[in-house]
Amino acid sequence: MTGAPLLSVRNAARHYQSGETVVRALDGASLEAHAGELIGIMGPSGSGKSTLLLICGLLEPPSAGEIYIRDRLVSYPGADLDKLRGFRRDHIGFVFQKANLIPFLTATENVSIALEIADVEARAARGYATQLLGALDLGHRIDNRPSRLSGGEQQRVAVARALANDPPLILADEPTAALDSVRGRQVMELFRRIAVERSACVMVVTHDPRSLDLFDRVIELSDGRILSEPSQPVQAHP
Amino acid sequence: MNLAIKDIRFNLARFALTALGIGFLLMGAIGAIGLYRGIVADALLVIDHIGADLWVVQGERVGPFAEGSSISSTMDRRVEGVEGIASVRRFVQFSQQFSFAGKVRRATITGLDYPRDDGAWFELKAGRHLEASHFEAIADDSVGLPLGATIRLAKDDYRIVGLTHGLVDSAGDGLLFVSINDATAIASRRPSEQVLLARETSGNAAPQGDGASPSSVPQDSKIAAVLVGLAPGADVARIKAAILAWGDTNVLSSAEQRDLLLNQRLWRLRLQILAFASVLLLVTAIVISLIIYMLTMEKLHQIALLKLLGARNSAIVAMILQQAGLIGLFGFGLAMLLSHLTFPNFPRRIVMLPQDLGIFFAILCVICLVASWFGIAQALKVRAQEVLS
């Protein structure tokens with residue numbers, strides 16, 4: 001990848017005090033991610049994958065180090081991340097293991113809420129949400145509430161919600177963990193498509209080795225440290 | 001998108017039951033205050049409507065409502081002679097039980113000084129006012145007598161010629177109006193045994209000096225009070241002083257009668273009801289607060305998600321406030337509906353004054369705001385990453 005990185009993590013650490021012990025959830029991790037990349041983050045449980053994602057997503061400040069998004073220093077030790085709520089809304093989309101849909105809203109409303117929060121007019125928001133769901137093969141489910149959707153459909157609605165504000169960075173934390181292999185693969189292919197078609201940087205924490213072929217590169221973490229970051233993509237993608 | 005309304009529509013049954021519960025609680029509090037107002041209104045009904053400026057009662061007593069009063073039935077003639085007095089009426093009131101249609105009824109017999117007073121000061125629901133000085137009666141519908149019915153009181157039959165609605169005494173017994181002479185006759189009814197014993201006593205007594213044949217039974221009928229209407233420009237203080245100077249009478253203004261009734265006779269009851277109303281209101285406040293707080297707590301995960309999506313605090317606060325407001329509003333609406341449907345069937349009058357309802361609504365708004373404030377304080381503490389928990 002060339003050009004300025006979309007996301008730059010510089011020597012980020014996250015330490016927690018647990019009694020007398022200091023837990024080093026993340027211990028001096030540095031990485032750069034570019035627009036259009038699909039990056040896999042792998043590693044054993046407790047290796048710091050989710051912590052890295054939380055720090056990149058401006059949900060936790062690092063204990064040390066800095067986070068830049070589009071060359072802007074956004075997070076550092078002691079940063080007030082609540083003040084970055086608006087920035088996060090415009091720049092980062094989240095997808096989690098659980099879809100976390102609002103149960104009393106329909107699929108369309110679950111997507112359009114993200115737009116309405118960003119002050120998009122309600123009708124326009126619904127229209128775009130319907131369009132997004134259609135693009136994710138959920139056109140027939142737009143008026144269904146989450147309880148009427150399958151796990152895979154719920155996760156696709158969550159992806160649509162993450163895409164609603166057209167964020168340049170999408171962070172996904174084990175988005176396929178609750179899905180069967182077929183549905184899981186479909187979601188990963190969806191991320192691949194999003195990265196290519198929207199020039200978004202998608203970082204996916206996953207345990208699933210079956211999706212390795214879809215990633216541009218894989219970052220491996222162990223004990224809070226980045227072990228390897230191949231300079232070349234795992235597999236070339238158009 | 002209005003999240004509060006979306007949530008309510010999704011959980012409509014729960015919302016309806018919550019609002020219904022709050023409605024019942026509020027109805028209880030409104031009912032307690034309404035009962036208090038009703039007792040006061042019932043107690044003051046006669047005093048406020050009978051149109052007396054002064055009440056002449058038994059000396060050294062403050063009757064007839066706060067304590068007993070018994071004066072001669074001819075006292076009105078003496079009172080009438082005082083300068084500045086335009087009209088006088090005799091008044092008597094006492095409780096009576098009697099049978100009708102095989103059931104025991106209770107009524108408060110109230111004597112009307114017919115023909116000076118035919119009862120024109122109260123409104124009739126059906127029938128007419130008194131047109132004869134004997135054996136006609138006007139009954140409140142709460143006594144349960146139909147128009148035209150004949151009832152036996154003491155040794156005479158009385159025909160119900162008129163019906164009123166809502167005319168009861170401070171105990172809630174319906175008023176039964178008869179002429180004052182009939183009322184004193186009913187009040188002075190004695191069993192045969194009492195008459196025989198009186199004759200026995202009288203037979204042993206020395207004969208009267210004037211040679212007249214004395215009655216075996218005391219004949220001096222008693223009334224409770226004389227109601228006085230003042231002439232325009234009359235000097236009240238002078239009139240009161242003149243009547244008090246007789247020694248055997250006391251004189252009270254209508255305002256004093258009101259004060260005696262409310263602050264002497266009924267103060268314990270009023271205090272008791274007010275205390276119950278306060279407790280009910282407190283319970284209502286606690287329950288509503290808990291409901292709104294719990295509803296907010298249930299949504300903490302969704303609130304965290306909204307924060308993750310970048311929702312402003314104002315949007316989250318608005319959602320909590322709107323939901324609390326809607327619960328309060330629907331609860332109040334249901335309370336009003338239930339009150340209007342059920343209170344008319346209660347045995348005692350429940351008076352719902354607009355100002356009381358306004359105060360209730362204001363208190364409810366404050367409760368909802370305070371409860372929301374606790375919920376909002378918790379909601380604002382939630383961090384976006386808690387959506388992962």
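Chain A is the first sequence line, chain B the second, and so forth, proteins listed ahead of strands; every chain is numbered from 1.
For residues 341-365 of chain B, a heavy-atom distance under 4.5 Å to chain A picks out no residue at all. Scanning residues 302-310 of chain B against chain A with a 4.5 Å heavy-atom cutoff picks out Gln302(B), Leu305(B), Leu306(B), Lys307(B), Leu308(B), Leu309(B), Gly310(B), ordered by number.
Interface remark: Ile113(A) contributes backbone and side-chain atoms alike to the contact with chain B (heavy atom separation under 4.5 Å). Interface remark: Arg126(A) contributes no atoms to any contact with chain B (heavy atom separation under 4.5 Å). No part of Gln97(A) comes within reach of chain B, as not one of its non-hydrogen atoms sits under 4.5 angstrom from that chain.
In terms of heavy-atom pairs under 4.5 angstrom with chain B, the leader among Arg85(A), Arg88(A), Glu60(A), Glu116(A) is Arg85(A). Contact tally against chain B (heavy-atom pairs below 4.5 Å) for Asn100(A), Leu81(A), Ile92(A): the top residue is Asn100(A). Your options are Ile117(A), Leu84(A), Leu54(A), Asp173(A), and the one with the most heavy-atom pairs under 4.5 Å with chain B is Ile117(A). Options Ser112(A), Pro103(A), Gly57(A) differ in how many heavy-atom pairs under 4.5 Å they form with chain B, and the most are formed by Pro103(A).
Aromatic pair Phe276(B)/Tyr36(B): centroids not less than 6.0 angstrom apart.
Test Leu280(B), Thr284(B), Val279(B), Ile286(B) against Leu282(B) for side-chain contact (heavy atoms from CB on, under 4.5 Å) and you get one pass: Ile286(B).
In this structure, the separation between CG on Leu167(B) and OG on Ser142(B) is 8.5 Å, given to the nearest 0.5 Å.
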